[in-house]
Structure formats: C-alpha cells, structure tokens
4 protein chains.
Amino acid sequence: MSSNSFGKLFTVTTFGESHGPAIGCVVDGCPPGLALASEEFKPDLVRRSTGRSRYSSQRHEADEVEILSGVYEGHTTGTPIALLIRNTNQRSRDYERIAQTFRPGHADYTYWQKYGIRDPCGGGRASARETTMRVAAGVIAKKWLAERHGVRVRGYLAQLGDITPDGFDWDAVEANPFFWPHAAQVPALEARINQLRKAGDSVGARVDVVADGVPPGWGEPVYGKLDGELAAALMSINAVKGVEIGDGFAVVAQQGSQHRDEMLVDGFASNHAGGILGGISSGQELRASIALKPTSSILIPGHSVDLAGAPAEVVTKGRHDPCVGIRATPIAEAMVALVLIDQALRHRAQCGDVGAVNPRIPSGPVA
Amino acid sequence: MSSNSFGKLFTVTTFGESHGPAIGCVVDGCPPGLALASEEFKPDLVRRSTGRSRYSSQRHEADEVEILSGVYEGHTTGTPIALLIRNTNQRSRDYERIAQTFRPGHADYTYWQKYGIRDPCGGGRASARETTMRVAAGVIAKKWLAERHGVRVRGYLAQLGDITPDGFDWDAVEANPFFWPHAAQVPALEARINQLRKAGDSVGARVDVVADGVPPGWGEPVYGKLDGELAAALMSINAVKGVEIGDGFAVVAQQGSQHRDEMLVDGFASNHAGGILGGISSGQELRASIALKPTSSILIPGHSVDLAGAPAEVVTKGRHDPCVGIRATPIAEAMVALVLIDQALRHRAQCGDVGAVNPRIPSGPVA
Amino acid sequence: MSSNSFGKLFTVTTFGESHGPAIGCVVDGCPPGLALASEEFKPDLVRRSTGRSRYSSQRHEADEVEILSGVYEGHTTGTPIALLIRNTNQRSRDYERIAQTFRPGHADYTYWQKYGIRDPCGGGRASARETTMRVAAGVIAKKWLAERHGVRVRGYLAQLGDITPDGFDWDAVEANPFFWPHAAQVPALEARINQLRKAGDSVGARVDVVADGVPPGWGEPVYGKLDGELAAALMSINAVKGVEIGDGFAVVAQQGSQHRDEMLVDGFASNHAGGILGGISSGQELRASIALKPTSSILIPGHSVDLAGAPAEVVTKGRHDPCVGIRATPIAEAMVALVLIDQALRHRAQCGDVGAVNPRIPSGPVA
Amino acid sequence: MSSNSFGKLFTVTTFGESHGPAIGCVVDGCPPGLALASEEFKPDLVRRSTGRSRYSSQRHEADEVEILSGVYEGHTTGTPIALLIRNTNQRSRDYERIAQTFRPGHADYTYWQKYGIRDPCGGGRASARETTMRVAAGVIAKKWLAERHGVRVRGYLAQLGDITPDGFDWDAVEANPFFWPHAAQVPALEARINQLRKAGDSVGARVDVVADGVPPGWGEPVYGKLDGELAAALMSINAVKGVEIGDGFAVVAQQGSQHRDEMLVDGFASNHAGGILGGISSGQELRASIALKPTSSILIPGHSVDLAGAPAEVVTKGRHDPCVGIRATPIAEAMVALVLIDQALRHRAQCGDVGAVNPRIPSGPVA
C-alpha cells in the first residue's frame, strides 16, 4: 500500500509540498450519508494554523478547503472525498539561501539521500504544511465518531520545555493560544516563547490526547492493535520522537500491584493502561501522549555540510515556530480520530454480529 | 490487510494460541537464495525463552522450529516460508480457576468484549507466546540485513524498576540473563527479582535497541516513515506502553540549539535524533526504546468482576515472569529487524536507481 | 501486502510446495462464533481431490486438515485460523528426470528466471496442490455466507474440449465425477478422457460458477469492484487463461438494446450482466466462467531447453490429469466464496448503516 | 487498502465524479528522477477523449492536466504526484430527466442499493470519465517502463460487433479513429457506427493489448500473479465483461500437445500462453484481450423502475458513444502499464539480487 496513505478502510492519502501550488488529500471509504460542508473544516484548520497567534510561525495561509468530489447535495456519497487547498503565501526566496546546504536536524539530507533530489523550498513534502490535510481529514473522522458513537477526541499541551501545568481545566484549553489547560500560566508561556524568539532558539513540547466515549472492542490484535496504530499515527507527525499510551514510560518503575487497573462493579478503579488492554479498547478513556522535539529551524548558526560535502554554516531564516509542539495539538487529535474511525469500521466488519452481547462495566474514574 | 500480518513486502503472518496445539508463522516476500536452516532459529529463541533463567517464567518449551515450506536444499526460494512450533508444555489447568473472571490489567475483558468469546487458557492469542514467532521471523530478517547490508540489530535492558545501568559494555549484555549492560549490577538485579517473586509482585522495564550499519535512505514519508513503523512494531509487543526514538521524551525539555545534530565533514556531531530525520534513516545509529509495564499476572489478590458482572477476587497463579521486560529484548530486536528489512526492500523497489549517487557523511559519534 | 495472501478483511495466506512436508493456510479476519470442525473440510477437499475418480491424477492424498488455531470449543474466536495438511504421497523421483530441463508450458522456466532457483519437484509452489488450501479456506467462507446471508455458491463443468452440455440439471452435477450438468453425456466424457489418456495428451475445459442469494450492494468501485476481484481470484487459479462475468465475450457482438437487463416491478427481465452492475452486485444471480488450458504435463515428447540453454526433449511422466479443468470446479467455487465474504465484510464496514433503507427488486429470471 | 487505489508500490488513487467540479488522481511510489511535464499527458488523453472523432460521445473536455505536487524542476521527486483536471463541459440537465428512475444495465441501481444515495448526474463515479485519470497515470507508467526497461504497451480494436480485422498493421492503428489495425475496413466501421447512431442503439467490442519488451520474471505467485492482476485491472474498466490472456477461451478446445509453447534454443516456438507462465512473465510478448459490452445509454426506450419501485420507461439522452469499446483502447493500455510498473518495482524489491543470473531464451515468434 502507498506510503502516503493512512488507514485500511477509512483511508487518507495526502499530497503536496509546502511551496508547491497546492496541498490536498483523498479520503476513501467514508460511510455515506454524513452531512459535510467545506466550512466545517475551518475551526480545526484555524486551530492548527500558524496564524493562530503571534506565538507561532508568521506564515498566514487562507486554508480554504475545496471539496472536489464525494459529496452530493451536502452529504457524503461513499465515493472518494477529495479536498484541495491552494498554497497562497509561500515565500520560496527564504529558502534560496539554503539550497546548497543541509539544515542540521532536518529532513533535507535524508530526502536527498533517499530520492537523489534536492527540493529546498520550505521542506517540500517534509514540511509541517502536510499536516493541514491530516487535520482536514480528521474533521470528517471526528464528526462521524461523534455522531455515530458519541466519541469525543480532545488534546492539550501538557508540557512546554520544563513548564508543566499547575492545574487542569478543559475549558481553559481552547481559551488560550497554547492549548494550555491552566489559564493562570499563560503569561509564563508567553514570556518563555518571547525569550526563545529573541534568542533565535526553540523548545520541545508534550501534547496529550484524550478520547472519551470509545466503546470496548476497537483494535485488532496482534499487528493491528489500537495502541500500535496510535503509535504509528502519532509518530508519523513531524517532530514527534516519543509516544506513550496511558502511564507510558512511568510504568517502568511501577509494580504490577500498582499498575493493574482493578475492575469494580461500578467501574475500573484506575486507568494506568490508558484505555487499551491487549491492543483493544477497554471502554475507559483513551489516553495518549507525544513528545515533540524543538524545531531545528532556528536563527542560531549551526555547523553543516553542503551538497559537495564541504563544511558550511547554516542559519534558518524563514518563518518558523519557536515551539512546533503548540499547534501539534489539533494534529494529534486528528491522527487519533483517524485511527479510531478506521478501527470502528474494521470492528463492524468482523464483529458486527457480536454487538451488545456482553455486559460492559462503566469506564470508571479518569486517571 | 490482515491484522495478524506485519510488513508490506517482507510480510510475517503469525498464528496460534498459548495453549493450542501449535504456534507458527508465514514469512512471505523473503528474497530468494538466503541460506536458512532450522537450527539457526535456536539462539534467539533461547534468548527469548522463558527458560533462559530462573528469573523468568518457569514454563519450558522446546521451541523446535519446523520449516514447512519456502526452503529448498538449504536456501530460501522466494516462496512463503512457513515455520511451525508445537506447544508441548501448556498447563491449561492453571487457568480453569480464572475462566469465569477477568484478570485486571489483562486482555481477557477486551477480547471478550470484542469477539464475544472467552478463551481463558494462557491468554490465548494475547499471550506472550505469540512473540516466539516474531523472534523466529526476526532471525531471517537479521540474517539478510547482516549479509546484504552489514546491519546489526542489538538490544539490552536499560532499566528494571528504578535500577538503571551504572556502566555500558555490549559484551556484558549477552553474558547475563538480564541482558544488562553492566556486569557488576547483576547481583542487585537478582536480588530485586527474588524479592518481587517472594512478594508475588512484578515490575516494569525499559529496553533499548540499537541498529548500526543502516544506510541513509530507508523509510517512506509520510505514513510509512521509518520511525512511524518502528513505533507500530514496538508498541504491538505485549505490555509495551511507550516508544521513543533517539532522545524520546527528553526532547520536550530540550532547545533546538541543543537537539539538532550538527553535521561535520567527518560525521554528525551528536545523535539526539536516533538516526532518523523526516522519517528516513540518516546513516547514524538507529536508537529506539520501549517501556514495558509490570505484568498483571501476580499472586497478590485483586478486585475484578466475573462474566456475569458480579464482583470477584482474582489471583493469577500460572507460571509468570516477575519482569516480562527482560525477555522482551530479543523480541524488540526482532521487530526492529522486521521493520528494517521491509523498508530496505521497499527502498530498493522505488529508489533502486538512486543508489550510490549521493556522497554520504560518516555516521559520527554514537550518542 | 503479501502476494501469497488473498482478501482484504477475510484474508487467506497459503503456503507449501507440492512435494514439501506440508501445505497450509492462515485465515485471518473470520467473524467469531462460527461453528467449525475439521471434518467439515472433507467434502470439498474430496471433490477437489485428484482421487475422486480415475479420470484425474492418480496421486492420492489423505488431505487430513488439522486446525492449529483460531477455534475454541468448536467455534471460531476471531483470531487467525491456521489449517495444516501433511503431504504424504509425494513421489519426487518422478521429477528427477526433469530437474535439468524446463517443461514447455510450465512455470519451471519463469520461476527460475524470477527467483534464480530450480525446484523441480512437482512444480513446487506452482503445483495445483496449492489450490487445496483455497478450497479449505473456501469451506469457511461458504459456511458463513450461507448461514449469515443465505448465499449458495455452486459450479459445474460447462465445456470439455469441444463437448458442451446438452441439458442442465443441478442435481446431476454432483452425481458424476465430471461435475457435468447432464447425466446422459457422462459416457461420452469418459470416452474422451480415456482416449486422451491413451494418446498421452490433455484437453482444456470451461467451468461456470453461480452464486445465488447475493444481496445487492457488494463490491467497491472503482478498483475493488466485485467483478474485478472475481477476475483476479479466478485468473489466479492454475491454468486459467480467461474469465467472464455474465455473457462475457459474447457481449462483443451484442447490441445495447439486447444486452441491457430491463428492470420490471417483479424482477429483472434477463441477466446478461451476470449479477454485477458498476462493480456492485445487483441482487441477481452472480455468474462467472473460466477457461482452463490443457495441462502441459503430457506424455507426448516436446522440444525444450535445459538449464545450460542446450536443446532437450521433454516427456512429463508423473501422475497428471488429462483435464485439469474437471477438478477446478470446487476451486473456482472457493475463490468466488472468498471474494464474496471479503466484500460482505467490507460492505458492512462502510455501509453498515445503509442497510435495508432501499427497496429491492426481485432477482428475476435466471439467465 | 482503499478501493479507489490501484497498485501496491506504484499506487494510483483516483477521485472525482463525471459532473463534479474536477477529477484527479494521486500517483504514489513513482521512482524519482523521471522527467515529467504536463503536456506529456495530452497525446493519450486525446486518444481516450470522447472528442477524438464523431464516432464517439460529443462531450468535449479540454482535459488540461495540472500537476499539483511531486514534480520539481521537471522531474519526479519520489513524493506523491497529484494530477487535476477541471470538468468544464458537464451538462447535468441531461440527467434531470432520469433522476427518479434507474437506467437498465447501469450502475444507478447498484450504487443506490450500496450507498443509499442517488447521484444521477452523468453516472457520478461510475462514469467513464473516471478512466481519464487511469490514462493520465498510465502515461507516467508507460514512460518509465519504456525508459527503464524498453517495454512498449500498445492496444487496438480487435472486434466491433461482428466485424473482425481482415489484416493487421500496427501503423494503421493510430491512423484511424477506431484504433483498427486494417485501414481498408475503416469505411465499414464508419457505416456501422452511423447505422447504430441512427437506430439509437449501441454495440460491443473487443480490445487487444500487447506489451513487448517485458523481461522474464515479473509477477508474484500465487495471489499477485501477473495474469491475476491484469485480470483485475482490465475487468475494473467500465463495461468490461471478460478478460483473456494469450489464447483465452480458445484454450478450452485445445489439446496440450497443441497449446504448450515449445522452447527452442532460438526462442519459443509459439505464444499460446500470452507471455505468462505460472503467473510470471516469460519474456515473450504479453497479450491480453477484453470484451466490452454495448453501452446501455441508448435512445431506444427500455423498461425500468423508479425510486419508489413503480414501473417506468427510460430513454437515455445525454451524449453517449454507440461503442464505448473504441476509446477503451488507451484505457486498457494504461491499466496494463500500471500493472507492469507495479510488478517491476515489486520484482526489484524481492529479487533485485537475482538479476541477470540466468540465461534467457529469445522471445521467439509473435503469436
């Protein structure tokens, strides 16, 4: 299967380079009859957009989604849904400077090694611009999951550099440009970003995604496990270097008596597992986290080599985020939603007759 | 594609339950002409085997691999290679006790919710016994990678509970039953395991895998990225709750000036990225880590429910490891090798003519 | 995806060579809860078996199916079902003779060109023995289709050399070793086969498969069309050189006014289309036909070359059918059933909510 | 895998409805470094175009291909190539008439049964307009095959109704609007089409495709056989009801002594097999044929039903071809080319080291 496609039954194929004429995607396998209009893509694209605040890249794209197919009289038809966004604000001249050198920590060098081609403009296919289409496809997935199963997928910034939340309030998350769950810390985050921008440096981040309403039974052991596919989906996001489910790496120091989520008649006693057991959803809240590296596109000069192998010094001007992790929040949500809809359809395919046979225990306290 | 298959071109399909008559796999897409004999599976199966030492489960399986197809006169033919291992030491009576209840932290409940079937014996398909065939398939992958590309895939235990290595020596790893890289700490590990066994409890672990010799260019952006597929492969191993590439979650607190691996004429200056940039191997050492939860099969009684939804107390007798992470080392190596051979073949397919066009910089210092 | 796997959701992976220790398959994605016992494979395997009558190859295999996994207490669990048949009657010495030459019209030469390996025994993987596992997997598919949807898949021999049926009676088909639909012609078929055997020659055949009870809606345009997948499935059977749906090649000389199946309130007026329109089942009888070439394993000497490229004369002794098409009947049924179950599951995945929304017209007269 | 995608490694995903804003495709997995410009699509699109002559549909589309991605400075980069064609000449009002009824012999009814949606405009996704993108993708495949392997893929009309060629000349094929291989018969074809148009009727056709230069070794037994994939590819073309490889259905009446292609030192003595043995190319000319039904979009009134199940009479006005088979020629070529490039890449992946090990015999006389 094509490596620019994601999902087995609800399949998203993305295309387009950061500085090419357009980016787009084809969503194949969407259930028919879902109401869908182009304006529904706006909110999540704005959330992802670099233009959300001055704390991220200053490239402003209109991100107008054109639906080219698969929707008739406002509803999906079951045929492939093609979405197109024209690039309008690319500034390739920012990249002329670096056409002959490789940016440290970037995909320049590896793309060149793989394909033998050097497309220096905006990172080409490796640019975070590609994630726009993940978010767009995720909008469809989120809508179907909500309407059909009552599933809600939400994310937030859980760490920025060494700053962690001092409190948690879902309502706060969408009320600040950092997707931060504790409003009182927003000034501190602003200060940190400003300081980084001044220093021409960047910082890493951690994003958490939570899905509630996921019924038990989604996930296909052993190579289509729900957690395995979440890991692939999330690790495929630009700059991600780590993925955790539930307690993640904290389990290394836990003991079994502490980690196992005991089952009571009125629900699970805890949720260390993050809602997945044996690769299948348990009915508890699904919890995943990702670690995003600090972008390597910074103003501080760095050592590199050029195409001929000679030493070079590189400064990445362009318009880059001091913390790419901030706007990764809607992207991570989208990838989780894409995994969930695909698994939901696969589960219906194989186990559509199992249905409500077995009694479920309540999801219990949120970890 | 089948969810019990792994890999696009070098495809491994595993089957078999812990307490069924046999486990096995079909390896499809193996390059022809590779020398292969059934005794070659032995070393890694012994490394994985629960019988390696008294510090892991006391179930002893002969693990004799029968090659059923795909090998003629000692060489692979290019047709599917079927491997079969008969189960000889299953003790289903250990499980009769628990047939009517769900073990907390186990896949019992989720399999039952998904499939409507309760197969209590040894965890059925969810048992770690399935990983035997991953290791077997990995032997073929490792051999081809070593012969064709000089790639070496090695793992070690990087943390057990709160114990971390005080030193590092590859030679030590294979000389102790813990795959621990520092010989002097082995008595401390033994003491910890004995103490856990006495307490009827278990503990988590961290395993690191390193692959050297990987050429630049392997990996297919954006949904077949090398790190994305490693994440899926590693997260699909039983008990894994987290995956990291390179510095992993440590990147959250790093700055760009610190993280980016500068490129010098004589090699990369560091390896925070773990050998992958933009989803493509850079030619540096590939580094991945996994977090394994403490097994939930412990002797300390826990709260649960039974099939009818009534409260129950569960004690898991059986023969279980106090730390399943120990023998995950060869399993993790196998999964990394399976990802690498698949990507190597895919790279040859698409970019076979790019070949040695571009000069490479040396892999540089090992992180 | 692996090329020895068939089907997207109900996936069959076969392995094994004609003269290796065993053949087998892994059926992944089977709905859970289906009753299944090893003796259920017998009837179709006997129908396919070379031992059904003296009019086919004299190799007699017991074809005892062992279920290695995926079935617990007599029902499928939803995990992979592995089936194994030991080869017991291989006579490799028949093939020693031909180890250094290529049989005209055989896969010897092309396998050797592709894989660089010469496995002369019984055609290796290219042997019709592989089809045993298609039939076995087809048994599961047929059973589920019948129980869940009332679908029945049946085939018959529609032409042998230049002999065509003078009448049609489904009851006759299973009452003679030729799967011939008109009992009165059986002596003529016997005479033809005997004459061919005496002459050391072989003849081609045509097999028709009919599936009734298929609901409208199965099939996924445009590259997963029902007819496209049937064509792939049927053409993949050994010796098949042509596939037709409905009227097949006869449509070339038809006019639109004649071909289109008019729709009346009480059903379709005809079935030239063979039950498929736009790649989706129409609810009419599904009709497919295949052309099977005369086997090239004959006693009449033929010109060939040897491994060194020198001229050689080849006579294929072994135990071969004068008409391989005869026992292709259950194989073709199996492939049709495998396509149908896969499409049924895929349809449920995407369109499970469309269900009985739309009124259906009756299937109408059988073409 | 998505059902609107074709190919495993060279993957084409098409989208778009006949009367939507645009049609397009994404070609993923193309080898990098291939020169490609948008004007290269023109010749084959014109060959396919309904506007080629007055003997086919009078809908005239500009078919201007915009390359949206995957090409940088005139060469493929290895990233997905998106192609877009805006629809400019759709006339939906032709279809208002039929919005409430089903056209006999059309996909209207089956799409409605499957998806629960009635999109009456121009056949929606089931329209032959979709094949435009097959032809566009095929242009890339043909070019790579020619440059890299010297493969040439050519088709011609081999039968129209009951008219068959009286002679054969490749040069004639492209010199008349029928792709007919014998110039002297062109007036007779014109007369037949005019007569059909006058009668408001249509007729079937047969198209042959020949590929020369295919090296031995392409094709993956047993479910990725070259002939199996050709069958799927060709049967997926609108209106195709039959596929033959080599002698096709004529083999039914052949004997083995006649059919087997004997091998001489200076080449194969014949080519009944059509260049494929055991699912793998033999190095001979590849020969495939398809049967195309007469279009059901005719002016002669036909019986049908409406959405409420009541009887209706249908006349299909629109702008339709009296023989859709004529312009199927470049479509069939494209599908053959897409299968070949995919198999070529897959062969290089698995067997890239087998290479030129084995001596080949010449392809011999063309059948």
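Quick note on labels: first sequence line is chain A, next is B, and so on, each numbered from 1. Heavy-atom basis, side chains included; hydrogens, waters and symmetry copies ignored.
- Within the 4.5 angstrom heavy-atom criterion, no atom of E229(D) approaches chain C.
- Only the backbone of I290(C) comes within contact range of chain D, judged by heavy atoms closer than 4.5 Å.
- A distance of 8.0 Å separates CD1 of I276(D) from CE of M235(C), quoted to the nearest 0.5 Å.
- Among V265(D), V222(D), I245(D), V305(D), the residue with the largest count of heavy-atom pairs under 4.5 Å with chain C is V222(D).
- For the pair R260(D) and K293(C), the minimum side-chain heavy-atom distance is 4.5 Å or more.
- When heavy atoms are compared at a cutoff of 4.5 Å, D261(C) approaches chain D solely by way of its backbone atoms N, CA, C and O.
- No donor-acceptor pair closer than 3.5 Å links the side chain of K241(C) to the backbone N or O of G248(D).
- Interface residue S281(D): only backbone heavy atoms are found under 4.5 Å from chain C.
- In this structure, F6(C) and Y223(D) have tilted ring planes: the angle between them lies in the 30° to 60° band.
- For A205(D), the part lying under 4.5 angstrom from a heavy atom of chain C is the backbone only.
- Both the backbone and the side chain of S282(C) come within less than 4.5 Å of a heavy atom in chain D.
- Only the side chain of Q350(D) comes within contact range of chain C, judged by heavy atoms closer than 4.5 Å.
- Residues S3(D) and R346(C) have side chains in contact (heavy-atom distance under 4.5 Å, counting atoms from C-beta outward).
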